[in-house]
Amino acid sequence: MPSTKTLYTYWNTIRGSRSAPDRRDIDPTRIREALANTFILELDESDKFSFRLAGSHLCTSYCRELKGRSFSALWHDRDGDAMDTLIRAVTEDHAVALVTFQGTTALHTKVSFETILMPLRHNGSTHTRILGAMSALEEPYWLGVQPIVEQRITGLRLIWPDEISAEETARDVLANVVNDTEFAPAATPSGMPTTVYGRTARRYAHLAVIDGGRN
C-alpha cells in the first residue's frame, strides 16, 4: 500500500545506521501523503500499547477518535499473544512487522487491512514507542459508517533491515497464534504452501507467513 511504502522508506532513511530513528527525527511534512494513515503507539500504565497519535483516515475506519485508546485491545482474543510477540520483535529485536488482518463490523461486513509496525526511539529506548501505518486494502462504501469491532490476523511478514535472523522470532509468533489448529501443542507446525497477495507463503491454520525475512 502507498502509505506503508512511504512510511517504511522514510523510517529506513532517517534511522541511518541506527536500529531505529528517534521520535524527534520525524518531520511530518516529509510524509504528508501518508499522515492520514499513520499512527504512533506508546506503552501505557498497563504495560500495553495505546494510540498516542492516529491519522484521520484511521480514525474514520473505526468511527471514533483513537488517541488514548488501546491498540492491543483491537485484536481478537485468539490473536492477542501473537500480537504481543510481534510487538516484542519490534521493540526488542528492532524488526519491522507487516501484518494483514480482516476487520469485521457489528453487521458482519468485512474488509482487509494492512498495517506496519516499526521501532521508534524515545528517551534512548525503543521499548515505549512504535511508529506505524494502517490502510484498508479496499474501501467499501460502508467504511467509515460501520465501525470495525473485531479484527483477526490473516498474514504477517517480519522484516529485519539489518543482519539479524528472522527464524527464531517467526517461530515464537507462530507458537503464540491460538486458534483451532489441529497441531499438537508441543509440536512445531509445518506450514502448507500457499500464495498471499502474489507472494509465496506458508499457511498455519488461519495465519499465513510470507516468505522472506529481511529487505
Side-chain angles (χ1 to χ4, degrees), residues 1-62 65-75 79 82-101 103 113-137 148 151 153 155-162 164 166 169 173 210 212-215:
M1 297 295 291
S3 293
T4 300
K5 183 176 181 180
T6 295
L7 197 62
Y8 176 76
T9 300
Y10 179 67
W11 172 88
N12 206 28
T13 298
I14 63 173
R15 74 183 181 93
S17 60
R18 299 170 295 175
S19 60
D22 193 275
R23 169 66 180 87
R24 293 171 297 182
D25 296 335
I26 297 176
D27 179 358
T29 64
R30 298 275 303 279
I31 50 172
R32 189 178 291 108
E33 63 271 31
L35 276 180
N37 295 311
T38 297
F39 58 83
I40 292 178
L41 305 179
E42 65 178 347
L43 194 66
D44 59 29
E45 295 178 354
S46 64
D47 208 30
K48 296 289 186 179
F49 277 88
S50 298
F51 288 96
R52 182 174 180 85
L53 297 170
S56 58
H57 287 178
L58 184 53
C59 294
T60 297
S61 296
Y62 290 89
E65 174 59 57
L66 291 176
K67 183 178 180 180
R69 293 183 180 268
S70 172
F71 174 80
S72 302
L74 293 177
W75 304 93
D79 287 339
M83 183 52 63
D84 286 345
T85 304
L86 277 175
I87 286 176
R88 286 196 298 273
V90 173
T91 58
E92 297 177 11
D93 299 334
H94 307 140
V96 172
L98 184 63
V99 182
T100 54
F101 68 89
F113 288 85
E114 176 181 86
T115 190
I116 189 169
L117 303 173
M118 296 168 286
L120 190 61
R121 202 170 298 279
H122 177 68
N123 292 334
S125 170
T126 60
H127 289 75
T128 64
R129 295 289 190 277
I130 293 175
L131 176 66
M134 188 183 296
S135 304
L137 297 181
I148 303 299
Q151 53 196 54
I153 298 173
L156 66 88
R157 185 183 183 193
L158 291 169
I159 303 167
W160 273 262
D162 300 314
I164 302 175
T169 303
V173 172
I210 301 173
R214 294 186 298 109
N215 262 4

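All values below were derived from every heavy atom in this structure, side-chain atoms included, with hydrogens, water molecules and symmetry-related copies excluded.
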J.: Less than 4.5 Å apart, any side-chain heavy atom of Asp22 and any of Arg15?
T.: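 When only atoms from C-beta onward are counted, Arg15 and Asp22 do not touch, as no gap falls below 4.5 Å.
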J.: Does Asp25 pair with Arg18 as a salt bridge, N-O distance under 4.0 Å?
T.: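 The answer is yes: the pair qualifies as a salt bridge.
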J.: Whether the Glu114 and Thr100 side chains hold a donor-acceptor pair (N or O, under 3.5 Å, no angle test) is what I'd like checked.
T.: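 The answer is no; no qualifying pair exists.
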J.: If you look at every heavy atom in Pro119 and Ala20, which pair is closest and at what distance?
T.: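 Here Pro119 and Ala20 meet closest at O-CB, 3.4 Å.
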J.: Would you give the length of the straight line joining atom CD1 of Ile159 to atom CG of Asn12, rounded to the nearest 0.5 angstrom?
T.: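 The CG atom of Asn12 is 9.5 Å from CD1 of Ile159, to the nearest 0.5 Å.
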J.: Taking the side chain as everything from C-beta on, heavy atoms only, tell me whether Asp84 gets closer than 4.5 Å to Lys48.
T.: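 SC-SC contact between Asp84 and Lys48 confirmed.
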J.: With rounding to the nearest 0.5 Å, note down the distance linking OG1 in Thr115 to CE in Met1.
T.: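 Those atoms lie 11.5 Å apart.
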J.: Go through the steps for Ile87 and Phe71 under the test side chain to side chain contact (heavy atoms under 4.5 Å, CB included), then give the verdict.
T.: CA-CA 11 Å; Ile87 286 176; Phe71 174 80; 4.3 Å; yes
J.: Taking the side chain as every heavy atom from C-beta outward, state whether Met134 and Asn37 have any atom pair closer than 4.5 Å.
T.: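 The answer is no; the side chains never approach within 4.5 Å.
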J.: Verify, without hydrogens or angle tests, whether Thr126 (side chain) and His122 (backbone) share a donor-acceptor contact under 3.5 angstrom.
T.: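 Pair absent, no side-chain N/O of Thr126 close to backbone of His122.
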J.: Side chains of Ile14 and Ile26: closer than 4.5 Å at any heavy-atom pair?
T.: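 The answer is yes; the side chains approach within 4.5 Å.
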J.: How close do Glu33 and Thr6 get, heavy atom to heavy atom, and via which atoms?
T.: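 Heavy-atom minimum between the residues: OE2-CG2, 3.7 Å.
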J.: Supply the atom-to-atom distance Leu158 CG to Leu156 CG, rounded to the nearest 0.5 angstrom.
T.: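 It comes to 5.5 Å.
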J.: Any donor-acceptor pair under 3.5 Å linking the side-chain atoms of Asn123 with those of Ser125?
T.: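 Ser125 vs Asn123: no donor-acceptor pair found between side chains.
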J.: Taking atom CD1 of Ile130 and atom CG of Leu117, what is their separation to the nearest 0.5 Å?
T.: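 CG of Leu117 is found 5.5 Å from CD1 of Ile130.
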J.: For Arg32 and Thr29, which I'm curious about, is there any donor-acceptor pair between the side chains at under 3.5 Å?
T.: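 Side-chain D/A pair, Arg32 to Thr29: absent.
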J.: Let me confirm one number: the CZ-CG distance from Arg52 to Leu66, rounded to the nearest 0.5 Å.
T.: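 Separation between the atoms: 15.5 Å.
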J.: Tell me whether the rings of Phe113 and Tyr62 are parallel (<30°), tilted (30 to 60°) or perpendicular (>60°).
T.: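 Parallel.
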J.: Side chains of Ser19 and Arg121: donor-acceptor distance under 3.5 Å anywhere?
T.: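 Present: a donor and an acceptor within the cut-off.
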J.: Is there side-chain contact between Tyr10 and Pro21, with heavy atoms separated by less than 4.5 Å?
T.: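 With C-beta onward as the side chain, the pair stays apart.
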J.: Give the ring-plane orientation class for Phe51 versus Phe39, where under 30° counts as parallel, over 60° as perpendicular and anything between as tilted.
T.: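 Because their plane-to-plane angle is over 60°, the rings of Phe51 and Phe39 count as perpendicular.
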J.: Looking only at non-hydrogen atoms, find the nearest pair between Ile148 and Gly103 and report the distance.
T.: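 Here Ile148 and Gly103 meet closest at CG2-CA, 3.8 Å.
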J.: Atom CG in Leu53, atom OG1 in Thr38: separation rounded to 0.5 Å?
T.: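 Rounded to the nearest 0.5 Å, the CG-OG1 separation comes to 10.0 Å.
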J.: What do the steps show when you test Arg157 against Val96 for side chain to side chain contact (heavy atoms under 4.5 Å, CB included), and what is the final call?
T.: CA-CA 8 Å; Arg157 185 183 183 193; Val96 172; over 6 Å; no
J.: Quick one: does Trp75's side chain have a donor or acceptor within less than 3.5 Å of a partner on Ile153's backbone?
T.: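 Absent.
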J.: Indicate yes or no: at least one non-hydrogen side-chain atom of Arg129 is less than 4.5 angstrom from one of Arg23.
T.: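 Of all side-chain heavy-atom pairs linking Arg23 with Arg129, none is under 4.5 Å.
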J.: Do Asp44 and Phe49 touch side chain to side chain, with heavy atoms closer than 4.5 Å?
T.: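 No, their side chains stay 4.5 Å or more apart.
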